[in-house]
Amino acid sequence: MQLSPPVHFEKLHSLLRSTACRRFPAVTGHIHAYLLKSGIFQSPPFPSSLFNAYTKSDLHHDARNLFGEITHPDVFLYSSLLAAHARSNSPSSFLPIFRRMISVHLLLPDDFILSTLVNACARFPSIRLGRQAHAYTVVSPFYDDDVIKSSLVDMYSKCGLVNDARMVFNSIELKNFVCWTAMVSGYAASGRLSEALELFWRMPERSVFVWTVLISSLVHSGSHFDALKLFVEMLREGIDINDAFVLSAVVGAAADMALLVLGRQLHCLSISLGYESNIMLGNAFVDMYAKCSDIASSRMTFDKILMTKCVVSWTTMIVGEAQHGRAQESLVLFNRMVSSGVRPNEVTFVGLIYACSHMGFVQKGRELFKSMLRDYGIEPSLQHYTCLLDLLGRSGNLSEAANLIRVMPCEPDEAAWAAFLSACNKHGDIKLGVHVADELLKLRPQFSSTYILLSNTFALAGMWSSMANVRKLMDTMGIKKQAGYSWIDVGRESCLFRAGEVPCHMRANILGLLKELMKEMKKRGYVPDTSSVLHDLEEDEKEIQLFTHSERLAVAFGLLKSASGSAIRVVKNLRVCGDCHTVMKLISSISGREIVVRDANRFHHFEFGRCSCGDFW
DNA sequence: CTAGGGTTAG
């Protein structure tokens with residue numbers, strides 16, 4: 001069938017703009033060949049829309065070849081070129097491209113390319129480039145264009161200059177969803193949550209976008225409960241939650257709070273909404289199951305990801321296996337990932353070194369650290385150094401760790417010092433520990449975490465007066481140590497135990513069971529470690545104090561409430577101490593049950609008197 | 001062909 005020329009043009013052009021070219025990159029090539037054959041290749045807008053289609057499906061080689069053949073470049077072409085450079089993170093080329101367009105091809109910037117330019121500066125937050133781009137827009141005929149202003153609001157927000165963003169925002173005549181969202185997002189991202197919320201409630205109408213911004217930033221800042229409340233509020237307002245972005249933010253909240261029941265409900269919901277093959281949600285669920293201690297479901301969800309697994313999917317699973325003490329599995333996954341052609345990123349290596357650290361694979365960890373830069377061109381960051389410090393410290397290579405913390409190219413933060421100090425504590429090098437603690441106090445007296453670290457070290461060293469001084473300092477500075485608690489799910493029941501508090505209705509049963517277990521444990525050679533208990537009590541009183549450790553209460557509750565033979569999962573626990581570790585191993589062998597304890601984001605699987613971490617924790 | 005959201009670590 002012969003189409004009349006105008007329709008013909010239009011059809012091909014809209015085909016190039018459609019997602020068909022992105023999903024089936026060969027289509028672009030066919031259209032290219034057809035245009036060449038029919039001699040209309042050089043007629044606008046084809047050269048530019050072809051170029052755009054190539055770059056959007058990452059066919060950069062074809063795009064470059066095409067670029068050389070174009071006789072009359074237009075602004076559209078430059079706009080696509082700029083967007084392509086922004087996607088590949090080469091910010092230094094933005095302004096040269098822009099200037100070449102003006103001075104070599106004598107083209108005047110239009111509104112499209114100006115917002116593309118501003119957007120490019122926002123992607124790679126660069127305030128210097130961003131301000132130059134802003135300058136270009138104000139001297140252009142589009143100085144009052146609302147779309148450009150929206151992208152400026154976004155650019156200043158992403159650069160962290162919220163006040164500048166607000167000034168541009170205020171100057172927008174007709175504010176639409178987009179600029180409101182960009183502004184709220186700016187406040188949320190820079191931690192100014194109250195301003196974000198104030199603006200949010202002032203919006204004439206709230207779209208899914210802006211709800212997502214707030215929910216995810218609440219999850220990110222650790223206010224999980226507020227995030228869930230906001231999600232409920234959103235449902236009440238009748239906003240359609242058939243949206244992968246908002247769902248994954250809520251799944252993240254469920255993961256961090258270890259709310260397995262909610263997580264499962266969200267999983268069912270997203271399958272019924274047709275997101276079964278959505279890669280982003282798939283990744284979120286793999287993570288959620290792992291963090292809720294259900295590693296089997298996590299792995300099943302991972303295996304079921306229908307699309308090509310991306311670096312995030314692999315990394316999530318590697319970290320998940322590592323968190324559950326299955327470092328060997330993490331390393332196998334890493335090999336499978338590399339051989340399937342997916343490039344690891346910096347997070348992948350955090351997970352891998354962490355896995356080695358968990359299981360004491362010292363040499364393997366060192367090798368992976370070296371391979372980062374050598375084989376993948378990833379510059380190790382402070383976090384990688386902290387992982388390596390942790391690995392060396394845990395395995396007793398204290399002098400190597402001490403050397404590393406001195407020579408590493410980045411300034412150690414609290415986490416790095418904490419890794420080193422806990423290694424000193426673990427391996428009994430109290431002198432080194434106290435020395436480091438002193439250094440730390442001089443270095444960062446302004447951080448509250450310093451005092452908690454110090455107090456622990458002094459306690460271990462038996463330097464009670466120094467410890468008392470640190471405690472006094474903590475009091476005057478208003479620093480509180482969070483009380484220990486454990487949280488367990490049994491069937492449909494959830495229960496939270498605070499350290500030292502035994503709930504009345506279970507008191508007799510739980511304490512009875514713990515006394516029973518203590519007798520059995522002692523028969524097997526357990527010597528209660530009462531060093532963490534107030535030292536002016538009688539010995540048997542100290543032992544009873546041990547019963548009120550929250551994780552012991554939770555496990556006793558689990559033993560009483562669940563069917564015999566089933567695993568007991570303490571889904572959240574503030575800290576697994578050395579004595580707890582011994583006790584859990586014993587209880588697992590006495591009761592013949594698997595006990596899973598989540599300690600921060602690390603899991604201990606106790607079974608047959610052993611722990612999955614191989615005691616390298 | 002231009003502007004706003006998300007998943008992995010700590």
Side-chain angles (χ1 to χ4, degrees), chain A residues 13 16-17 45 48-53 55-56 74-84 109-120 122 142 145-155 157-158 172 176-186 188-189 207-217 219-220 243-252 255 278-288 290-291 310-320 322-323 344-354 381-384 386-387 390 413-416 418-419 600-601:
Chain A
H13 186 51
L16 280 171
R17 280 164 49 188
S48 305
S49 55
L50 264 175
F51 180 81
N52 190 49
T55 56
K56 280 202 168 160
D74 55 10
V75 185
F76 178 6
L77 181 74
Y78 271 98
S79 185
S80 304
L81 184 65
L82 201 55
D110 64 3
D111 44 348
F112 285 85
I113 195 168
L114 284 171
S115 51
T116 307
L117 179 69
V118 175
N119 186 31
F142 308 100
D145 185 283
D146 284 351
V147 171
I148 294 175
K149 283 185 183 168
S150 282
S151 49
L152 283 167
V153 170
D154 183 51
M155 185 273 293
S157 292
K158 294 232 166 81
I172 296 176
N176 64 7
F177 287 127
V178 179
C179 65
W180 277 99
T181 309
M183 195 61 240
V184 171
S185 162
S207 68
V208 202
F209 276 70
V210 73
W211 284 96
T212 311
V213 166
L214 274 185
I215 291 175
S216 61
S217 65
V219 173
H220 233 83
D243 180 276
F245 291 97
V246 77
L247 286 173
S248 58
V250 184
V251 175
N278 182 295
I279 185 79
M280 171 175 77
L281 269 170
N283 297 341
F285 286 118
V286 171
D287 181 54
M288 181 279 293
K291 290 211 174 109
C310 68
V311 60
V312 177
S313 331
W314 288 102
T315 304
T316 307
M317 197 67 249
I318 286 172
V319 170
Q323 284 170 335
N345 66 14
E346 65 287 355
V347 185
T348 318
F349 281 98
V350 172
L352 286 167
I353 302 170
Y354 169 82
S381 71
L382 176 57
Q383 270 179 43
H384 299 104
T386 304
C387 286
D390 190 59
D413 65 353
E414 294 77 62
N601 268 334

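Every chain is numbered from 1 and lettered A, B, ... according to where its sequence line falls, protein lines coming before strand lines. Side-chain atoms are counted along with the backbone in the values below, which use heavy atoms only and exclude waters and symmetry mates.
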Within the structure shown, what part of the strands sits under 4.0 Å from [X] by heavy-atom distance: base, sugar-phosphate, or nothing?
{"X": "S80(A)", "answer": "nothing"}
{"X": "V251(A)", "answer": "nothing"}
{"X": "S150(A)", "answer": "base"}
{"X": "S48(A)", "answer": "nothing"}
{"X": "D413(A)", "answer": "nothing"}
{"X": "N176(A)", "answer": "base"}
{"X": "F349(A)", "answer": "nothing"}
{"X": "N52(A)", "answer": "sugar-phosphate"}
{"X": "S207(A)", "answer": "base"}
{"X": "V319(A)", "answer": "sugar-phosphate"}
{"X": "V347(A)", "answer": "base"}

Taking C-beta and beyond as the side chain, do [X] and [Y] meet within less than 4.5 Å on heavy atoms?
{"X": "F245(A)", "Y": "V208(A)", "result": "no"}
{"X": "H384(A)", "Y": "C387(A)", "result": "no"}
{"X": "S313(A)", "Y": "V286(A)", "result": "no"}
{"X": "V147(A)", "Y": "D111(A)", "result": "no"}

Could you tell me from which nucleotide to which nucleotide of DNA chain B, 5' to 3', there is an atom under 4.0 Å from chain A heavy atoms?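 The contacted stretch runs from dC1(B) to dG10(B).
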
Taking only distance into account, with no hydrogens and no angle test, what donor-acceptor pairs under 3.5 Å do side-chain atoms of residues 176-185 of chain A form with protein atoms, sequence neighbours excluded?
from, atom 1, to, atom 2, distance (Å)
N176(A), OD1, V178(A), N, 3.1
N176(A), OD1, C179(A), N, 3.2
T181(A), OG1, F177(A), O, 2.6

Looking at H220(A), I'd like to know if its NE2 atom is crowded, meaning that more than 12 non-hydrogen atoms belonging to other residues, nucleotides or ligands lie closer than 6.0 Å.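 Not more than 12 within 6.0 Å, no.
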
For side chain to side chain donor-acceptor pair (under 3.5 Å), just list the numbers for T348(A) and N345(A), CA-CA rounded to whole Å, side-chain angles, deciding distance to a tenth of an Å, and then say yes or no. CA-CA 5 Å; T348(A) 318; N345(A) 66 14; 3.0 Å; yes

